[in-house]
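Values in this document were obtained by computation on a predicted structure and should not be read as measured data. What's counted below: heavy atoms across the whole structure, side chains too, no hydrogens, waters or symmetry copies. Just so you know, ligand 1 is whichever comes first in the structure, and atom 1 is the first atom listed for that ligand.
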Amino acid sequence: MLSEKWISAVLLLHLCCTGSGSCGKVLVWPCDMSHWLNLKIILENLTDRGHEVTVLVSPDSLIIDYSKPSTLNFEVIPISQDGDFLANKLNDFLDLATTVMPTMSRWQSARKMQEFLLQLTGHLKLLCESVVYNKSIMKKLRETNYDVMVIDPVVHCGELIAELLEVPFVYTLRFFMGGTVEKYCGKLPAPPSYVPVVMGGLTDRMTFLERVKNVMLSLFFDFWLEPYDIQLWDQFYSEALGRPTTLCETMGKAEIWLMRTYWDFEFPRPYLPNFEFVGGLHCKPAKPLPKEMEEFVQSSGEHGVVVFSLGSMVKNLTEEKANLIASALAQIPQKVLWRYKGKKPATLGANTRLYDWIPQNDLLGHPKAKAFITHGGTNGIYEGIYHGVPMVGVPMFADQYDNIAHMKAKGVAVEVNMITMTSADLRDAITVINEPSYKENAMRLSSIHHDQPIKPLDRAVFWIEFVMRHKGAKHLRPAAHNLTWFQYHSLDVIGFLLACVATAIFLVTKCCLFSCQKFGRTGNKKKRE
Ligand SMILES: *[C@@H]1O[C@H](CO)[C@@H](O)[C@H](O)[C@H]1NC(C)=O
Ligand SMILES: *[C@@H]1O[C@H](CO)[C@@H](O)[C@H](O)[C@H]1NC(C)=O
Ligand SMILES: *[C@@H]1O[C@H](CO)[C@@H](O)[C@H](O)[C@H]1NC(C)=O
Ligand SMILES: *[C@@H]1O[C@H](CO)[C@@H](O)[C@H](O)[C@H]1NC(C)=O
């Protein structure tokens, strides 16, 4: 018995611990799409360092390719697939995002995003039940004795599984629910006087009216937008854990929050020791381009090239929109590499080439890259920052407005509206190439980004390993988690002190009145005498 354990321990040491000192087992609850691309970089680095990484994956994942051989293990969740539900929903949403959402106000657009997520609630709950109520899966997970879970909180359930397995967990996110999750569940302080609400499109320097807007947006996210599916999840989590709890309380148990931004992007703000800002961890120096692409790029001469991508989600635009964009691009002297899968627009200029896929990072790192037209996803923005390329933002949904607002405030980007833009608007926006301040600001951000004592990927990996080694990071956890909201804001203390003052005033006035009356009476008496 003992010797068997000993042998397996030696084997494990031999197999796993190549240089890093300790190796462990990591369970991952991911989110699909661009979030996965970012998380995958961390996970592959963890396997590289000898850890065993297992990803719980939904069978209808769109880009998490669990059937391909990989250094990661995939555990496919046994869920009765309702056909292409997720893919269809996503397509509907993208139609909306590329046609009407950019004409809406921020509030309406946030509502639409929320509506979309609510439509997924049933699906997400089913996915969650398929794990936590499946005895054989839970038994298998429990017996594996994971050391840490790495979770993308945008898809609920990860934290519930971690609680059930009693495994410490690390979050990785850009922000969630307009920042309310970090603020209320993570206790990240966010004074509305100088910390703009995510999605509000404001900067940290606000006028009085902008501060009014910021406070209202913060109330909007706190009280109006949020409560919809929260109750459902609160109830579900309480049932699954067998004790009264809330989604927020469970989320607040995260040991470390790995945020996908950094001070090159963020406005300076207060943060907590268990928040680590690891934006740009996926960025790498550029590799050589494929031969055909390199020739095209070189053919641009001194004008250079413009890289254009609306991300992995938007594949198709209306014919009208695609023509409008193509005719704007045809008017600039640069060569354009446009990632686009839709029908070839009739107005496509000789200087523009369409590609199903482009090596975006390698193109942005190419010395001929002059500008980046982007939808403003966090990954793309960071590649732009890393390589110091000025940007033209065409935001459509989610964090994109906020990302572009940050880049505008830093003097790196110009924004155009997807819906209302004319050909001339887009063409004029590409003046980020001719106006030197954009390039200078981009280079400044780039040098800030590169000048870090420890690279973001190494910090992300360090904190995950730290949580494995120490079974959590409780010493970084603020005591704010144990306070009620009125204790947190010291309202009880203020109330108490006010009561003291009120009592004192009351007593003093009473005394005064009493002695005045007495004095008055004795005075009267004296007069009468
Ligand atoms: C992991 O990160 C380290 C440090 O950044 C790097 O040297 C190494 O190549 C990375 N490994 C993988 C597989 O990405
Ligand atoms: C539970 O998970 C196993 C796979 O681990 C699967 O074979 C089984 O069908 C699942 N049970 C239910 C009730 O879904
Ligand atoms: C692209 O959009 C057009 C018009 O909006 C539509 O007819 C077509 O089916 C779409 N194609 C794909 C592949 O989504
Ligand atoms: C907070 O409360 C939990 C449980 O109620 C307790 O275990 C923990 O020690 C408390 N933490 C602090 C900082 O008071």
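- Salt-bridge annotation for Arg142 and Glu166: absent, with no side-chain N of the basic residue lying under 4.0 Å from a carboxylate O of the acidic one.
- A salt bridge does not link Glu182 to Arg174: none of the charged side-chain nitrogens sits closer than 4.0 Å to a carboxylate oxygen.
- Residue Ser136 approaches ligand 2 through these ligand atoms, each under 4.0 Å from one of its heavy atoms: 1 (C), 2 (O), 3 (C), 5 (O).
- Under a 4.0 Å criterion applied to the non-hydrogen atoms of Asn134, ligand 2 contributes the atoms 1 (C), 2 (O), 3 (C), 8 (C), 10 (C), 11 (N), 12 (C), 14 (O).
- Counting heavy atoms from C-beta on, the side chains of Thr54 and Leu72 never come closer than 4.5 Å.
- Taking a cutoff of 4.0 Å between a charged side-chain nitrogen and a carboxylate oxygen, Lys253 and Glu163 qualify as a salt bridge.
- Contact atoms of ligand 2 toward Ile137: 2 (O), 5 (O) (distance under 4.0 Å to a heavy atom of the residue).
- Residues Glu52 and Lys25 are not paired through a salt bridge, judged by the lack of any N-O separation under 4.0 Å between the basic side chain and the carboxylate.
- For Trp263 and Phe277, the ring centers are positioned less than 6.0 Å apart.
- In this structure, a donor-acceptor pair under 3.5 Å is present between the side chains of Glu159 and Tyr237.
- Centroid-to-centroid, the aromatic rings of Phe267 and His406 come within less than 6.0 Å.
- An N or O contact shorter than 3.5 Å is missing between Glu75 and ligand 2 by distance.
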Give every pair formed by an N or O atom of ligand 1 and a protein N or O atom closer than 3.5 Å, one pair per line with both atom names and the distance to 0.1 Å, or write none.
{"from": "ligand 1", "atom 1": "2 (O)", "to": "Asn45", "atom 2": "OD1", "distance (Å)": "3.2"}
{"from": "ligand 1", "atom 1": "2 (O)", "to": "Asn45", "atom 2": "ND2", "distance (Å)": "2.3"}
{"from": "ligand 1", "atom 1": "5 (O)", "to": "Asp458", "atom 2": "OD1", "distance (Å)": "2.8"}
{"from": "ligand 1", "atom 1": "11 (N)", "to": "Asn45", "atom 2": "ND2", "distance (Å)": "3.0"}
{"from": "ligand 1", "atom 1": "11 (N)", "to": "Asp48", "atom 2": "OD2", "distance (Å)": "3.0"}
{"from": "ligand 1", "atom 1": "14 (O)", "to": "Asn45", "atom 2": "ND2", "distance (Å)": "3.4"}

